[in-house]
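Remarks on the structure that follows.
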Amino acid sequence: MPTADHHAARRSRIIRHMPFFYGWVILIAGTLGLVMTSPGQTYSISIFIEHFIDDLGLSRSYVSTLYMIGTVSASFAMPVVGRQIDRHGSRAMIVLITVLFGLACLFMGLVQNAFMLCLGFFALRALGQGSLSLVSRIVVNQWWVRRRGFAIGIVGMSYALIGRAGFPVLINALIPLYGWRGTYSLLGLLLLLVMLPLGWLLVRNRPEDYGLWPDGQPPTASQQDEMRSPVRAKEPWVEENWTLAEVLRLPVFWLLSAGFSSISALNTGLTFHIVSIYVDNGLTPTIAASAFVPIAITSAIVQLGSGMLVDRFPSRVLLAMSLFLHALLLAIAPYLRSIEMALAFGVIMGAASGLQQTIGNSIWAMYFGRQHLGSITGATTTISVASSAVGPMLFGIARDVWGSYTFVLLTSATLPLALGIAILCLGQRPRRSRQTATLAN
């Protein structure tokens, strides 16, 4: 009877002798994984907010606070998830996470009170926005190094078009037919019947496990020379592998984390309350849901373009541009008085989000290498997910207290503006003084 080692060797031979680089399959799997995080993402949950408020008899600030509690609690699981990805690999973890995430969506269909809603928020954020997103990004970064920006751009573009554009519209169409509870149950079945088998069949951990090089080709002689001299290296794909303990001592790590955290908090606040913001400005909920289409299309275009730029230009410049665009978004959000302005808002939001997604999905591997990527991105995801809880609560309380979002939106715009300037000036990639970086470890 064939042993497990025999089957593993056979799979390795099949992948190694495919007529194309298996990294392209990983792109498909990574994209699918990111798309299927949608039931736990704010752009989908925002469509359900008014139903939570009406059916459960809760105030907007109370729902926002429950969302904050669930999200912050979920963030503390991310370092554990990251370490398990490093230890057990992306394939095993994507299967486990998908099963639990599907069950979490089914649970949302049973929610009857505030306590159950808080538990649901925790599960959705921990498993969807956190864990499934984390493992899907990590597996793509493991298979692509020299052309990482290009690969991340393709994944991001596809995710924006299918996930960010498609799911809000899909949910908005399903709720009148099946109710919000039935809609969440259908999303859970979609995870269990589609994502689960495809994740098991398609995902593989690292190219080195199958005798392959990242990007499908070994580095050239000149590229190998570049890899041997990381202190002089200028190419963004030349790897230096840092441990999590080392990374936590670097000021640039905390500066970048502050930039991503501000985007996460403020953009999540905008997205969470986008229906209410549009209605306050005299627009309809349907227009609010439709706004996700220009957001997604612009985000897709920008992610593809910026993915190509990441391989050639400093990542900090693109991150700073995203922060500046988010500052502009917050400044104009209180003044959306027409459909045309709402669409323009969606275009700017898509551009800002597209830049942030591209940089956020690639910068940690570019700055700190692949060897401990799960642990490092687990820590950064904790910071980002926890921060994403602040915006909805802050905006919700402001709306309940002052009856308007104007003050909190305009005041918040100063934070990404200041951080963008700081990252532009101080966010350079760290270099070791006497270490040799290698492409494959």
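Side-chain atoms are counted along with the backbone in the values below, which use heavy atoms only and exclude waters and symmetry mates.
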Any donor and acceptor pair, going by atom type alone, linking the side chain of [X] with main-chain N or O of [Y] inside 3.5 Å?
X	Y	answer
D86	G374	yes
N361	R137	no
T382	G378	yes
S384	T381	no
S44	S38	yes
S185	G109	no
S46	Y43	yes
S264	S261	no

What closest approach, in Å, do [X] and [Y] show between heavy atoms, and which atom pair accounts for it?
X	Y	answer
P392	T268	CG-CG2, 3.6 Å
I69	C118	CG2-SG, 3.7 Å
P430	L250	CG-CD1, 4.0 Å
S262	L415	CB-CD2, 3.8 Å
L318	S306	CD1-O, 4.1 Å
M366	S315	SD-OG, 3.8 Å

Do NZ/NE/NH1/NH2 and the carboxylate oxygens of D215 and R148 come within less than 4.0 Å?
no
Might you work through the side-chain contact (heavy atoms from CB on, under 4.5 Å) test for W180 and V111, ending with a clear yes or no?
CA-CA 10 Å; W180 66 269; V111 166; 4.2 Å; yes
Note, [X] side chain near [Y] side chain (heavy atom, < 4.5 Å):
X	Y	value
L244	L248	yes
L58	F52	no
R60	S276	yes
W24	I154	yes
I359	S322	no
Y367	F253	no
F107	M116	yes
I152	N141	yes

Show every side-chain hydrogen bond (donor to acceptor under 3.5 Å, both in side chains) that has at least one partner inside residues 65-74, sequence neighbours left out.
T42-Y67, Y67-R125, T71-R125
Just how far is it from atom [atom1] of [X] to atom [atom2] of [Y], taken to the nearest 0.5 Å?
X	Y	atom1	atom2	value
I376	W364	CD1	CH2	9.5 Å
I94	S136	CD1	OG	4.0 Å
I85	I138	CD1	CD1	4.0 Å
L192	L103	CG	CG	6.0 Å
H326	L330	NE2	CG	8.0 Å
S412	L266	OG	CG	5.0 Å

Taking atom types as modelled, is there a side-chain donor on T31 or S158 under 3.5 Å from an acceptor on the other?
no
State, without any angle test, whether N205 and S90 hold a side-chain donor-acceptor pair at a distance under 3.5 Å.
no
Would R370 and R206 count as a side-chain contact (heavy atoms from CB on, under 4.5 Å) here? Give the steps.
CA-CA 10 Å; R370 293 180 299 145; R206 287 167 54 95; 4.2 Å; yes
Show, in sequence, the C-alpha distance, side-chain angles and deciding distance for M68 and F121, and conclude whether the side-chain contact (heavy atoms from CB on, under 4.5 Å) test is met.
CA-CA 9 Å; M68 180 204 70; F121 282 154; over 6 Å; no
My understanding is that only one of L32, V140, L304 makes a side chain to side chain contact (heavy atoms under 4.5 Å, CB included) with V155; could you say which?
V140
Is the distance between the ring centroids of W213 and F21 under 6.0 Å?
no
Under 6.0 Å between ring centres, would you say that holds for F48 and Y184?
yes
For the residue pair W143 and Y22, categorise the inter-ring angle as parallel (less than 30°), tilted (30 to 60°) or perpendicular (more than 60°).
tilted
In terms of ring plane angle, is the pair H273 and Y405 parallel, tilted or perpendicular, where the classes change at 30° and 60°?
tilted
Could you check I171 against I175 for side-chain contact (heavy atoms from CB on, under 4.5 Å), going step by step and ending with a plain yes or no?
CA-CA 6 Å; I171 291 168; I175 289 176; 3.7 Å; yes
The side-chain hydrogen bond (donor to acceptor under 3.5 Å, both in side chains) partners of S299 (sequence neighbours excluded) come to Q303
